[in-house]
Amino acid sequence: MRSVLLGAPGSGKGTQAGIISERLGIAHVASGDLFREAASRGDEVGRQAKSYMEKGLLVPDEITIRMILERVAAPDCARGFILDGFPRTLEQAKALDMALGKRGEAIDRVFYIEVATEELVRRLSGRFICRSCQKPYHPVYSPPEVTGRCDHCGGELYQRPDDLPETVKKRIEVYFAETAPLIDHYKEAGKLVEINGQGEIGEIVERLVAALPQD
Ligand code: AP5
């Protein structure tokens with residue numbers, strides 16, 4: 001299965017993609033995680049991406065498309081993948097379709113996770129992520145077993161610099177201006193499934209699982 005999780009910052013894409021990819025045994029490809037890893041290594045892509053991420057802006061298509069197309073061509077994506085945070089512009093969506101098409105493949109489903117804006121802000125203002133595996137936590141909604149430590153790998157939890165209130169506001173604006181048009185794009189292609197993203201994390205997992213292709 002090749003699918004995309006579409007939704008605003010804080011809608012739960014990373015949380016859901018982590019759970020579903022593990023259940024299905026397929027790769028979880030998160031553009032934001034890849035940029036943060038590149039930035040912490042200090043390589044060229046990371047240095048370029050960091051300046052955009054800090055401002056809550058999208059990293060230019062050219063850099064983003066190259067990075068993701070290389071990633072989905074890796075052997076662990078051969079059985080399928082869940083894309084989290086990509087595509088985010090029409091240009092990115094077209095580049096993805098073209099690259100998969102050349103291999104006789106296509107995106108099967110696009111899950112649009114809908115969450116009210118005030119809930120996005122509540123979630124992001126309390127989010128902590130693991131410095132090592134990037135798993136997200138929230139002190140109220142999804143607390144770790146040991147304060148400050150990741151349940152999955154024991155890594156240190158920290159607050160993302162782009163989760164500060166002004167940057168969150170900018171990221172949400174950018175989402176509505178540049179990414180929300182993809183909803184219509186995938187609706188027209190007959191691939192969009194709308195998922196109510198409010199409620200307990202486990203309830204949303206079940207809504208997504210119920211909407212997966214059955215074969
Ligand atoms: P990225 O890392 O992709 O950030 P984002 O899309 O803004 O999404 P988030 O990670 O903020 O939220 P999420 O939807 O994954 O929610 P989560 O599961 O963590 O991108 C960061 C930056 O990188 C961008 O701003 C841009 O600069 C750049 N970038 C990335 N991709 C790009 C692209 N394609 N093109 C150009 N630039 C790109 O959940 C949030 C919180 O809520 C957590 O604390 C979680 O525990 C909690 N939570 C989750 N589900 C629930 C629930 N049901 N109820 C209550 N709490 C919940």
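The basis for the numbers below is simple: all heavy atoms, side chains too, and nothing from hydrogens, waters or symmetry mates. Both ligands and their constituent atoms are indexed starting at 1 by order of listing.
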Determine the minimum heavy-atom distance between Ala17 and Ile82, stating which atoms define it.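 Shortest heavy-atom separation between Ala17 and Ile82 comes out as CB-CG2, 4.0 Å.
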Minimal non-hydrogen separation, Phe128 against Gln159, with atom names: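 The pair with the smallest heavy-atom distance is CD2-N, 3.8 Å.
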Would you mind reporting whether [Y] and [X] have side-chain heavy atoms less than 4.5 Å apart?
X	Y	answer
Glu114	Asn196	no
Ile201	Gln16	yes
Asp76	Phe81	no
Phe176	Thr117	yes
Thr15	Ser142	no

So between Leu5, Leu57, Leu58, whose heavy atom ends up nearest atom 27 (O) of ligand 1?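 Comparing heavy atoms across Leu5, Leu57, Leu58, the nearest one to atom 27 (O) of ligand 1 lies in Leu57.
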Measuring from atom 1 (P) of ligand 1, which candidate in Arg88, Lys13, Arg123, Arg171 has the nearest non-hydrogen atom?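 Answer by nearest heavy atom: Arg88.
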Which residue and heavy atom of the protein sit nearest [atom], plus the separation:
atom	result
atom 53 (N) of ligand 1	Gly199 O, 2.9 Å
atom 4 (O) of ligand 1	Arg160 NH2, 3.3 Å
atom 19 (O) of ligand 1	Arg127 NH1, 2.6 Å
atom 16 (O) of ligand 1	Gly12 N, 3.2 Å
atom 55 (C) of ligand 1	Tyr141 CG, 3.2 Å
atom 44 (O) of ligand 1	Tyr137 O, 2.9 Å
atom 34 (N) of ligand 1	Gly85 O, 2.9 Å
atom 18 (O) of ligand 1	Thr15 OG1, 2.6 Å

Honestly curious: do Tyr52 and Leu164 fall in one hydrophobic cluster under the side-chain, below-4.5 Å linking rule?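 No, it is not one cluster - the side chains of Tyr52 and Leu164 are not joined through contacts under 4.5 Å.
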Could you tell me whether ligand 1 has any atom less than 4.0 Å away from a heavy atom of [X]?
X	result
Ala8	yes
Lys55	no
Gln16	no
Ser11	yes
Ala17	no

If a pair satisfies salt bridge (charged side-chain N to carboxylate O under 4.0 Å, His left out) and one of its residues is in residues 137-156, list it, with sequence neighbours excluded.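 Sorted pair list: Arg131-Glu156.
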Residues Glu119, Arg123; criterion salt bridge (charged side-chain N to carboxylate O under 4.0 Å, His left out); working and verdict: CA-CA 6 Å; Glu119 172 71 5; Arg123 290 184 187 179; 3.0 Å; yes
Atoms of ligand 1, numbered as shown, that sit under 4.0 Å from any heavy atom of [X]:
X	value
Ser142	46 (O)
Ser31	30 (C), 31 (N), 32 (C), 34 (N)
Leu124	11 (O)
Thr64	33 (C), 34 (N), 35 (N), 36 (C)
Gly14	13 (P), 15 (O), 18 (O)
Gln92	33 (C), 34 (N), 35 (N), 36 (C)

Please state which part of [X] comes within less than 4.0 Å of ligand 1, counting heavy atoms only: side chain, backbone, both or neither.
X	result
Pro9	both
Ile204	side chain
Arg36	side chain

Run through Pro139, Pro9, Pro136 and flag the one making a side chain to side chain contact (heavy atoms under 4.5 Å, CB included) with Arg127.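 The side chain to side chain contact (heavy atoms under 4.5 Å, CB included) with Arg127 is passed solely by Pro136 among Pro139, Pro9, Pro136.
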Identify the residue among Arg171, Lys170, Glu54 that makes a side chain to side chain contact (heavy atoms under 4.5 Å, CB included) with Asp162.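 Exactly one pass, corresponding to Arg171.
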Verify salt bridge (charged side-chain N to carboxylate O under 4.0 Å, His left out) between Glu203 and Arg207, making sure each step is shown before the conclusion. CA-CA 6 Å; Glu203 286 171 352; Arg207 287 174 203 155; 3.6 Å; yes
How long is the gap from CD1 on Ile204 to CD1 on Ile20, to the nearest 0.5 Å?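 Ile204 CD1 to Ile20 CD1: 10.5 Å, rounded to 0.5 Å.
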